[in-house]
Amino acid sequence: MKNKKFYVTTPIYYVNDKPHIGHAYTTILADVLARYHQMAQEEVFFLTGLDEHGQKVQQAAQKREMSYQAHCDDLAPRFIQLWEKLGIRYDDFIRTTQERHIKTVQHILQKVYEAGDIYQDEYEGWYSVAEERFITETEKDSGQFRDVKILKERNWFFKMSEYQDKLVDYIYEHPEFIQPEHRRNEILGFLKQPLGDLCISRPKSRMDWGIELPFDKEYVTYVWFDALINYITAPGYLDDPKKFKKWWPADVHLIGKDILTTHCVYWSTMLLSLKLPLPKTIFAHGWWLVGETKMSKSLGNVINPLDLIDQYGVEPVRYYLMREMVLGQDAQFTLESFIKRFNSDLANDFGNLLNRVSGLVGKYFDGCIPDQSHLMQADLDIRKQAMALEEKVRDYVNHFHINEAIEEILELVRATNKYVEHQAPWKVAKESLNSAGRILYTAMEALRISAVLLSPVMPQKTHIVLDVLGAVGSTPKWGELKINTKLKTHEALFPRLEVKSNEKGT
RNA sequence: CGCGGGAUAGAGCAGCCAGGUAGCUCGUCAGGCUCAUAACCUGAAGGUCAGAGGUUCAAAUCCUCUUCCCGCAACCA
């Protein structure tokens, strides 16, 4: 049987500023998904990268008195280094200034142009002289823009409207296409209005940092038309048909809720025009809110979550971000909840389970994994729960409920702690070493399976656990522990964090 | 009447689509255990499920209205 493939993307991040928690979150999420699918024996392609054209980049570069490309080259490593720090294992890193991408975009522009889906017209709208861009009616009414005037400009347009009906039908026929569901409704609501055509050019006179239109040298491409194409550039749309056929359509485009319309509407209609299949799922996650709405004054502790990495380690941060964010909702990032999560889940439950079990095995079995012999009811209960876990986790992950997958694993960890407590092998051992061995074997198997299933979230820490158990490379199937294996010594996995008692009220 | 989502114990969430004793984690209180990272286990307190009305033998769950919060309303990534 041929392995399934899994192609996951993050947005390509815009290099007008340094990476922040939003970038980190999406990328970790993609990484975790990629690793789970790898664990399920699927072939995975994980793409991330940078969006380097457009007005904001131009402005940022000008401000720094650098060339556009130099500015991009300066920022790119910051992203790459952060991904290294976060343990991100991507397969390709695309930058829209790369030759492969520019060629692909120009090829597509030419193709769409020749197919008659691009035409020239005059764009008229409110233009902010200060911002050097057109603004929407809503933006104009907000009164936040000065020097606003009506401006007419000749531009090239993509016939997005042609594909409106097709797109609406597609969304209705594919409930999994846009997730979560309320985002899908949002797009369907948006598409109830007649869709206009998309202006896809910018005159060089106004903005020249972009990909030149192959059929009109006076213009560069609008940055979104450029950026979205990255998803097919990387798997080889232009120059590697075999590779492209293997990976496209993408299984998941992960995005923030702020770029929902561009992906669901612009990108989809572009693909429809190109007669390419649409991605299977576009998943929009929520945003991290740091603390309260206005947190500055009372506590003076405006926390940049990235700082936590240096202080507490990468993996607790990965764990926290994955565990705490629910579906496509927003979530609050507070140091208090981070520490609570760390102590209760990682230190008290998971780390401590390893500690107590390995301690007992050291004490009564000379550090060697004992034989399980035949299991009693309580043992069978744990085994049953552990054996059912893999499928539950897979199911949750496939539906993007990472937090629930993690919770399900922690339930096994907690149940195992409970089991050890109730079975009291330290007492049993005085009468029957055999029975104590059975209990400890069962607990260690449950721990091992928990570690395997948590490994996509915390690859390094779970590796330590598996290494201690002599079970690196094992699967979530029951019974892979090797009897008589000598346990390795280890430090506390997640030493408890002291609660700083200077917080008040929050 | 623009479209849509939400309001469940001190906190964060599940349950709602397929009505039938209100559940999980954290926190609090009281015990227990002592193998373990002052950890773990047992038990308890705490909710008129935003409010009002309706359907039903039965509503957190379905319907209507009200209040409050939030998202979207396109050419900026």
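So you know, we letter chains A, B, ... as the sequences are listed, proteins then strands, and number each from 1.
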Nearest-Å distance for atom pair [atom1]/[atom2], residues [X] and [N]:
| X | N | atom1 | atom2 | answer |
| --- | --- | --- | --- | --- |
| A:E336 | B:rG27 | CD | C1' | 10 Å |
| A:L346 | B:rC26 | CG | P | 13 Å |
| A:I178 | B:rG71 | CD1 | C1' | 15 Å |
| A:F342 | B:rU25 | CZ | P | 21 Å |
| A:I259 | B:rG71 | CD1 | P | 17 Å |
| A:H401 | B:rU25 | NE2 | P | 20 Å |
| A:F350 | B:rU37 | CZ | P | 17 Å |
| A:E404 | B:rU25 | CD | P | 15 Å |

Write down the distance separating the [atom1] atoms in [N] and [M], rounded off to the nearest Å.
| N | M | atom1 | result |
| --- | --- | --- | --- |
| B:rG5 | B:rA58 | C1' | 29 Å |
| B:rU28 | B:rC1 | C1' | 47 Å |
| B:rA14 | B:rG71 | C1' | 22 Å |
| B:rA9 | B:rC3 | C1' | 34 Å |
| B:rG10 | B:rG53 | C1' | 31 Å |
| B:rG27 | B:rU56 | C1' | 39 Å |
| B:rA45 | B:rC40 | P | 22 Å |
| B:rC49 | B:rU61 | C1' | 10 Å |

Categorize [X] for me: base, sugar-phosphate, or nothing, with a 4.0 angstrom heavy-atom threshold over every strand shown.
| X | value |
| --- | --- |
| A:G351 | base |
| A:L260 | nothing |
| A:Y364 | nothing |
| A:D197 | base |
| A:D345 | nothing |
| A:A227 | nothing |
| A:L195 | base |
| A:Y266 | sugar-phosphate |

Quick one: list whatever passes salt bridge (Lys or Arg N to Asp or Glu O under 4.0 Å) with [X], sequence neighbours left out.
| X | value |
| --- | --- |
| A:D379 | A:R438 |
| A:D74 | A:R64, A:R78 |
| A:E421 | A:R356 |
| A:D197 | none |

Side chain to side chain contact (heavy atoms under 4.5 Å, CB included) partners of [X], counting only residues at least two apart:
| X | result |
| --- | --- |
| A:S337 | A:Y320, A:E324, A:T334 |
| A:P203 | A:E153, A:N155, A:S205, A:R206, A:Y219 |
| A:N434 | A:S432 |
| A:Q377 | A:L380, A:D381 |

**Asked** Checking A:K461 against A:F494: charged group under 6.0 Å from the ring centre and within 45 degrees of the axis?
**Response** yes

Options [options], nucleotide nearest the side-chain atoms of [X]:
| X | options | value |
| --- | --- | --- |
| A:N348 | B:rC40, B:rU37, B:rA74 | B:rC40 |
| A:K340 | B:rG27, B:rC40, B:rA73 | B:rG27 |
| A:K56 | B:rC76, B:rU37, B:rC40 | B:rC76 |

Sorted by number, residues from residues 408-426 of chain A placing a heavy atom under 4.0 Å from RNA chain B are A:R414, A:N417, A:K418, A:E421, A:H422, A:W426

Is it the case that the side chains of A:H490 and A:S358 hold a donor-acceptor pair, with the cut-off being a distance below 3.5 Å and no angle test?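 The criterion, which ignores hydrogens and geometry beyond distance, is satisfied for A:H490 and A:S358.
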
Can you name the one residue among A:D51, A:D73, A:D226 that meets salt bridge (Lys or Arg N to Asp or Glu O under 4.0 Å) with A:R95?
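It is A:D73; the other options fail the test.
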
Just N and O in the side chain of A:R202: are any of them under 4.0 Å from OP1 or OP2 of B:rC76? yes

* **Check: A:H263 ring centroid to A:F283 ring centroid under 6.0 Å** => no

Each base of RNA chain B marked ( ) or [ ] if paired in-strand (Watson-Crick or G-U under 3.5 Å), | if paired to another strand and . if unpaired gives .(((((((.[[[[.)....(..]]]].(((((.......))))).....[[[[[..)....]]]]])))))).....

Open item on the list: Both A:R341 and A:H23 contact RNA chain B. Which one's nearest nucleotide lies toward the 5' end?
Closed with: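 That would be A:R341.
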
By nearest-heavy-atom nucleotide on RNA chain B, the more 5' of A:T261 and A:K427 is A:K427

Measure all distances between protein nitrogen or oxygen atoms and nitrogen or oxygen atoms of nucleotides 1-7 of chain B, and list the pairs falling under 3.5 Å.
none

If you measure from the Lys or Arg side-chain nitrogens to the Asp or Glu carboxylate oxygens, is any gap between A:E445 and A:R448 under 4.0 Å? yes

> With sequence neighbours left out, what residues match A:F177 under ring pair (Phe, Tyr, Trp, His ring centres under 6.0 Å)?
Replying inline: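 Only A:Y170 meet the ring pair (Phe, Tyr, Trp, His ring centres under 6.0 Å) criterion with A:F177.
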
